[in-house]
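On a predicted model such as this, the values are computed, not experimentally measured, just so you know. Start at 1 and go down the list; that is how both ligands and their atoms are numbered.
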Amino acid sequence: MQPVPVPALPQGYNFRRVGKEDFQDKNLFKTLSILTTVGDIPEPKFHALIDYWNDRKEIYNPMVITNAENVIIATGMLFVEHKLIHGGGKVGHVEDISVNPSEQGKKLGLIMIRNLIQIAQNEGCYKVILDCDEKNVKFYEKCGMKIEGVEMGYRF
Ligand code: ACO
């Protein structure tokens, strides 16, 4: 199997896991709020969630890209589902992709997706899937993904 190609980040930019220290400057929250409502997350709740994710590293990969000023400007989550079918196979789910508008158009979204796919490949996933709006289909196609099936939902 060919490893997925991951383009290099611009000088000074980094791809890393979310940590408890990311509560302070709120840049994680600001970047996610471009995608959707983040809501009120007090610091103890944030820390408990980081502990929950870190206790399950084989499942949760909450990742960010920081710029040369060490500010979070892109987010993405790879969630690894451990299945019974396909011989106990694993499926990667891409969630919560967001790039700060001031940094859009620099291939950071694509680099985030390729990094998440690479994590999935290294974890032994047999596929990576995601749900998105019609307007983002071209972006995900540029990342190497293809339309498969139809998204459905049930909201509470
Ligand atoms: N329509 C068509 N092409 C696009 C689009 C689009 N909406 N967005 C990016 N592209 C193209 C770019 O032109 C580029 O093409 P090129 O290689 O020919 O130059 C390629 O896709 C890669 O683009 P990037 O620069 O990596 O994209 P960017 O860093 O701006 O990130 C993203 C794209 C993530 C969609 C960003 O616009 C964003 O954060 N949008 C708001 C939040 C959002 O909708 N997130 C996706 C939610 S779906 C989910 O989370 C599973």
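- Atoms of ligand 1 found under 4.0 Å from any heavy atom of Lys135, numbered from 1 in the order shown, are 1 (N), 6 (C), 7 (N).
- Residue contacts with ligand 1, taken as heavy atom pairs separated by less than 4.0 Å, involve Asp96 solely via the backbone atoms N, CA, C and O.
- Listed by number with element, the atoms of ligand 1 under 4.0 angstrom from any heavy atom of Gly109 are 26 (O), 28 (P), 29 (O), 31 (O).
- At a heavy-atom distance under 4.0 Å, only backbone atoms of Asp131 (N, CA, C or O) approach ligand 1.
- Inclusion of Glu95 in the set of residues having an N or O under 3.5 Å from an N or O of ligand 1 is not warranted.
- Remark: ligand 1 and Ser98 share no N or O pair separated by less than 3.5 Å (distance only, no angle test).
- Considering backbone and side-chain atoms together, Lys107 places an N or O closer than 3.5 Å to an N or O of ligand 1.
- By the definition of a contact as any protein heavy atom under 4.0 Å away, atom 13 (O) of ligand 1 is not in contact.
- Only the backbone of Lys106 comes within contact range of ligand 1, with a heavy atom under 4.0 Å; no side-chain atom does.
- Nearest protein neighbour of atom 8 (N) of ligand 1, counting heavy atoms only, is Phe139 CB, 3.6 Å.
- Counting heavy atoms under 4.0 Å from ligand 1, residue Lys142 touches it through the side chain alone.
- From the protein, the heavy atom lying nearest to atom 2 (C) of ligand 1 is Lys138 CB, 3.4 Å.
- Scanning both residues, Glu58 and Val80, for their nearest heavy atoms gives O-CB, 3.5 Å.
- Atom 38 (C) of ligand 1 has its closest protein heavy atom at Gln104 NE2, 3.5 Å.
- Hydrophobic cluster membership differs between Met77 and Phe139, with clusters built from Ile, Leu, Val, Met, Phe, Trp and Tyr side chains linked at under 4.5 angstrom.
- Checked against a 3.5 angstrom limit, the closest N/O atoms of Leu110 and ligand 1 fall inside it.
- Sorted by first and then second residue, the salt bridge (Lys or Arg N to Asp or Glu O under 4.0 Å) pairs involving residues 39-54 (not counting sequence neighbours) are Lys20-Asp51.
- Atom CD1 in Ile72 sits 11.5 Å away from atom CG in Asn14 (nearest 0.5 Å).
- Cys125 and Gly92 make their closest contact through SG-N, 3.6 Å (heavy atoms, listed as atom of the first residue, atom of the second, distance).
- Put simply, CD on Glu123 and NZ on Lys57 are 11.5 Å apart, with the number rounded to the nearest 0.5 Å.
- Heavy-atom proximity to Ile97, at under 4.0 Å, picks out these atoms of ligand 1: 34 (C), 42 (C), 43 (C), 45 (N), 46 (C), 47 (C), 50 (O).
- When ring centroids are compared, Tyr154 and Phe156 come within the 6.0 Å threshold.
- Listed by atom number, the atoms of ligand 1 under 4.0 Å from Asn136 heavy atoms are 7 (N), 35 (C), 43 (C), 44 (O), 46 (C).
- No path of Ile, Leu, Val, Met, Phe, Trp and Tyr side chains, each step under 4.5 Å between heavy atoms, connects Val94 with Leu32, placing them in separate hydrophobic clusters.
- If you take CD1 on Ile129 and CD on Glu148, they are separated by 8.5 Å, rounding to the nearest 0.5 Å.
- Counting atoms of ligand 1 from 1 in the listed order, those under 4.0 Å from a heavy atom of Gly105 are 25 (O), 28 (P), 29 (O), 30 (O).
- Of the N or O atoms in Ile34, none lie within a sub-3.5 Å distance of an N or O in ligand 1.
- What you find for Val64 and Leu28 is that their closest heavy atoms are CG1-CD1, 3.8 Å.
- Annotation for ligand 1: atoms under 4.0 Å from non-hydrogen atoms of Leu35 are 42 (C), 43 (C), 45 (N), 47 (C).
- Which parts of ligand 1 touch Tyr140 is read off a 4.0 Å heavy-atom cut-off, strictly below it: atoms 46 (C), 47 (C), 48 (S), 49 (C), 50 (O), 51 (C).
- Under a cut-off of 6.0 angstrom, the local environment of CD1 in Ile85 is crowded, with over 12 non-hydrogen atoms contributed by other residues, nucleotides or ligands.
- For ligand 1, none of its N or O atoms has an N or O atom of Val94 under 3.5 Å away.
- Atoms NZ and CG, from Lys107 and Leu9 in turn, are 13.0 Å apart once rounded to the nearest 0.5 Å.
- For Phe29, the ring-ring contact (aromatic ring centres under 6.0 Å, His included) criterion is met by Phe23, Phe46, not counting sequence neighbours.
- The closest non-hydrogen atom to atom 31 (O) of ligand 1, taken over Leu108, Thr36, Val99, comes from Val99.
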